[in-house]
Structures are given as C-alpha cells and as structure tokens.
*Asks:* 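The following block contains the structure, expressed as structure tokens.
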Amino acid sequence: MANYCSVDRAIELLISGGIVALPTETVYGLGADATNEQAVAKIFEAKNRPAFDPLIVHVPNIDAVKEIAELDPRAESLLLAFSPGPLTVVLKKKSIIPDLVTSGHSTVAVRIPAHPVMLDILNRSQLYIAAPSANPFGYTSPTMAEHVADQLGDKVDGIVDGGPCQVGVESTIIDLSTEQPRVLRLGGMALEQLELVLAGTVPVLTSSSKPNAPGMLSAHYNPGTKVVLCESIDQIPAELSSKTAVLGFGDMPKIHSNQYNLSPTGDYNEAARNLFKMLRTLGKSYACIYALKLPEISLGRAVNDRLKRASVTS
Ligand code: TXA
Ligand code: MG
C-alpha cells in the first residue's frame, strides 16, 4: 500500500524516529535520523539489508559535514566544486554518528544532495539523514516514488513524491580516508571531473563478490530478468525470440523488433537517467535483455557498472 505524505509530515515522522522514502537527484533514499539507532535499525529491517553494509549520511552543507566527519583539504575542494550534487565522500567519522550507521567502520560516507525537496527537509528538520537507496537489498534502485511504493510501500512510514530523479544512478563514492583517494563506486559524478579537481588519476575499485568496500557486491541491481552485457552489436545473436529485448545506446541499426535505446542521441546523462526505469519496465515484459555496453566515458562508466552487476546472477 502506498503511503504518500507531505514534506511537513515527513519531517515530523523523521524527527519522531520514523523511516521515510525521500527524493534525491540520484535515486530515492530511505531516510531516518542518523543519530537515532532505533530508527536506523528500521532501515536495515525494511530493506532486508545486511548489517555489514554501511549507510550514507545526508547533510545540507559543508559545515554540517564537519559536524559528523573530519574534513580534509581534498574533501573540501571536492565538496566546494561539486556540492550539492551526486558525490559521496568517505571520511573519518566523529562519534556523533552511531556505529550502526557505519557498520562499525571508523569512516562515514557523507553526501550533500541537490534535490530541493531533500535539501528543504534537511534544513528544516535539522537532522543528519541516513539513507540508502529505497529498494529491497540487491534490487534496482528507485528513480520514481511509484517504484518505492511498489517494492517497499508497506514497510515505510511515508513516501515523499519529488518527481522522477534527474541523475538516475546513485552517487559516485570516493574514499578520502586514506592517503590515496579511491573511487569505491562509479556514479552520477563523472570520474573525469573528480580527477580534474584532484589533479591526478584516481583508481577505481572494481566490484567483486568479496568486497573490501562493503556493499559493493557483484550481484546487485537485480531487475527480475536475465541481463546479458554485450561489448559490441556483433555479440548480440541475430535470431532473438519475442521474449527477448535489446537495450542499446546512441545511433544504432534496428536489429530486433523489441529494441529500446537509453539515449538515441548518445547523451550519457540521459542514458543514466533512463537506465533503472527501463530495466524495471523491460524486466516486467521480457525474459532476457541483451544490453549493449556504452563507451567508458563520463556517466557511461556508471551505466556499464550497473549493467554489469545486473548481469551477474549470483
Ligand atoms: O545516490 C546515492 O548515493 C543514494 C542516495 C539515496 O543518496 N544512496 C545510495 O545508498 O546509493 P546505498 O546504501 O544504496 O549505497 C551506499 C554505498 C554502499 O555500497 C555502502 O557499502 C557504501 O555506500 N558505504 C557507505 N558507507 C561507507 C563507508 N564508511 N565506507 C565505504 N563504503 C561505504
Ligand atoms: Mg543501494
């Protein structure tokens, strides 16, 4: 059952220890007061999320980052350049954030989201809001309020509808708690942009089934159907059944009647914005999706990462 609520009601619910689905520019998050362990525990329970997978804490501005974490100069330059926006920084945590939020790690992932509704809720509630993506663990992240209602509607205290998410993939996560910065998850902020500000190449930790970055499991983003990731159009079989769809990108020839395109004009931002919604829709109608890899440029990297993980079945 969908439990939509107003911003005012969401603030009341959050302050009193409830869990509320909230819009951000990347994907919808399932939020709770990060300093309230009982509220945070409800997030893990609603998502069926393992306790080893820490949460991102959302704050309204850089001053608030300093209240919960040790801000170093690299983090400050990145946040000054890209906040509010789809970037999460991992920093040494301060004691105000309970261990439950960070799964016992001495670091905390912090983000200043750009969605005006989320910023309004952060500012007016005066809370630090812990929020993972608002999907059951292992499934595709929601980019519309309806997606949350479908999958978690009866498990949350409220859902704030802030319209479709403009970025469409989760934030880029960069670990700045060590001397060498590392990207833990490719996402809505292009790697190239981060490297410009940090004046050097930043290694990207690839996803694995035995993650040393928690939560970076290979099998994630399950769209409920089989996904086959293809390097090029030649890898897509010539004969495909009507139960199969092709998901492409940019200018491409028509090779199948059930053919869809993340961005016919080859726009990486548009592709990211469309990705999860298309995977969900196609997952409902087809038994198998042949997805074409995007060039490893800009948000193409994040889209490929999600497609790759959607294609892993266990
Ligand atoms: O765009 C986003 O980041 C969305 C919106 C709601 O803000 N949130 C999101 O949260 O994607 P979630 O929980 O689905 O993914 C957060 C990732 C997880 O893979 C988790 O393991 C990692 O961040 N993470 C959180 N805290 C961490 C930490 N202290 N060290 C390393 N990784 C961390
Ligand atoms: Mg998630």
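Starting from 1, each residue takes its place in the sequence as its number. Counting starts at 1 for both ligands and their atoms, following the listed order. Values in this document were obtained by computation on a predicted structure and should not be read as measured data.
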*Asks:* Pull out every atom of ligand 1 sitting under 4.0 Å from any heavy atom of Pro132, numbered as shown with elements.
*Replies:* 10 (O), 12 (P), 13 (O)

*Asks:* Who's closest to atom 5 (C) of ligand 1 heavy-atom-wise, of Leu91, Val108, Leu22, Thr26?
*Replies:*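 The nearest heavy atom belongs to Thr26.
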
*Asks:* N/O of Tyr28 under 3.5 Å from N/O of ligand 1, yes or no?
*Replies:* no

*Asks:* So that I can check it, does any N, O or S atom in Ser133 come closer than 2.8 Å to the Mg ion (ligand 2)?
*Replies:* yes

*Asks:* Is Glu170 salt-bridged to Arg306, going by a charged N under 4.0 Å from an acidic O?
*Replies:*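 Here Glu170 pairs with Arg306 in a salt bridge, since their nearest N and O are under 4.0 Å apart.
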
*Asks:* Out of Ser171, Ser133, Gly188, whose heavy atom is nearest to atom 10 (O) of ligand 1?
*Replies:* Ser133

*Asks:* So for ligand 1, is His58 a polar contact partner (N or O within less than 3.5 Å, distance only)?
*Replies:* yes

*Asks:* State the atoms of ligand 1, each with its element, that fall below the 4.0 Å cut-off from a heavy-atom position in Gly29.
*Replies:* 6 (C)

*Asks:* Less than 4.0 angstrom from a charged side-chain N to a carboxylate O is my criterion; do Glu192 and Arg301 meet it?
*Replies:* yes

*Asks:* Can the ring centroids of Phe44 and Phe137 be said to lie less than 6.0 angstrom from one another?
*Replies:* no

*Asks:* Quick one, Val246 and Leu240 - any side-chain contact, counting heavy atoms below 4.5 Å?
*Replies:* yes

*Asks:* Short list, please: which atoms of ligand 1 are under 4.0 Å from a heavy atom of Leu184?
*Replies:*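 In order of number, 31 (C), 32 (N).
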
*Asks:* Is His105 close enough to touch ligand 1? Criterion: a residue heavy atom under 4.0 Å from a ligand atom.
*Replies:* no

*Asks:* Using a strict 4.0 Å cut-off to heavy atoms of Ala109, name the atoms of ligand 1 that fall inside it.
*Replies:*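 This gives 25 (C), 26 (N), 27 (C), 29 (N) as the contact atoms.
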
*Asks:* Using a strict threshold of under 4.0 Å (side-chain N to carboxylate O), is an ion pair present between Glu25 and Arg111?
*Replies:* yes

*Asks:* I'd like to know if Arg9 and Glu12 make a salt bridge, using a cut-off of under 4.0 Å between side-chain N and carboxylate O.
*Replies:*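 Yes, this pair counts.
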
*Asks:* Determine whether Lys293 and Leu307 satisfy the following criterion, side-chain contact (heavy atoms from CB on, under 4.5 Å), listing intermediate values before the conclusion.
*Replies:* CA-CA 8 Å; Lys293 217 171 154 187; Leu307 286 172; over 6 Å; no

*Asks:* Does Lys93 have a non-hydrogen atom less than 4.0 Å from ligand 1?
*Replies:*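 No, Lys93 has no heavy atoms under 4.0 Å from ligand 1.
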
*Asks:* Backbone, side chain, both or neither: what part of Ile173 comes under 4.0 angstrom of ligand 1, heavy atoms only?
*Replies:*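 For Ile173, only side-chain atoms sit under 4.0 Å from ligand 1.
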
*Asks:* Who passes side-chain contact (heavy atoms from CB on, under 4.5 Å) against Asp8, sequence neighbours left out?
*Replies:* Ser6, Arg124

*Asks:* Is Thr107 in contact with ligand 1, taking contact as a heavy-atom separation below 4.0 Å?
*Replies:* yes

*Asks:* Would you mind running through ligand 1 and noting each atom that sits below 4.0 Å from a heavy atom of Val27?
*Replies:*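 Here the atoms of ligand 1 in question are 4 (C), 6 (C).
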
*Asks:* Looking at Leu176 and Arg74, what are the two nearest heavy atoms and their distance?
*Replies:*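 Closest heavy-atom pair between Leu176 and Arg74: O-NH2, 2.7 Å.
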
*Asks:* Could you please spell out the steps behind the side-chain contact (heavy atoms from CB on, under 4.5 Å) verdict for Val160 and Cys5?
*Replies:* CA-CA 5 Å; Val160 177; Cys5 71; 4.1 Å; yes

*Asks:* What part of Arg182 sits under 4.0 Å from ligand 1 if we count only heavy atoms: the side chain, the backbone, both or neither?
*Replies:*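 It is neither; nothing of Arg182 touches ligand 1.
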
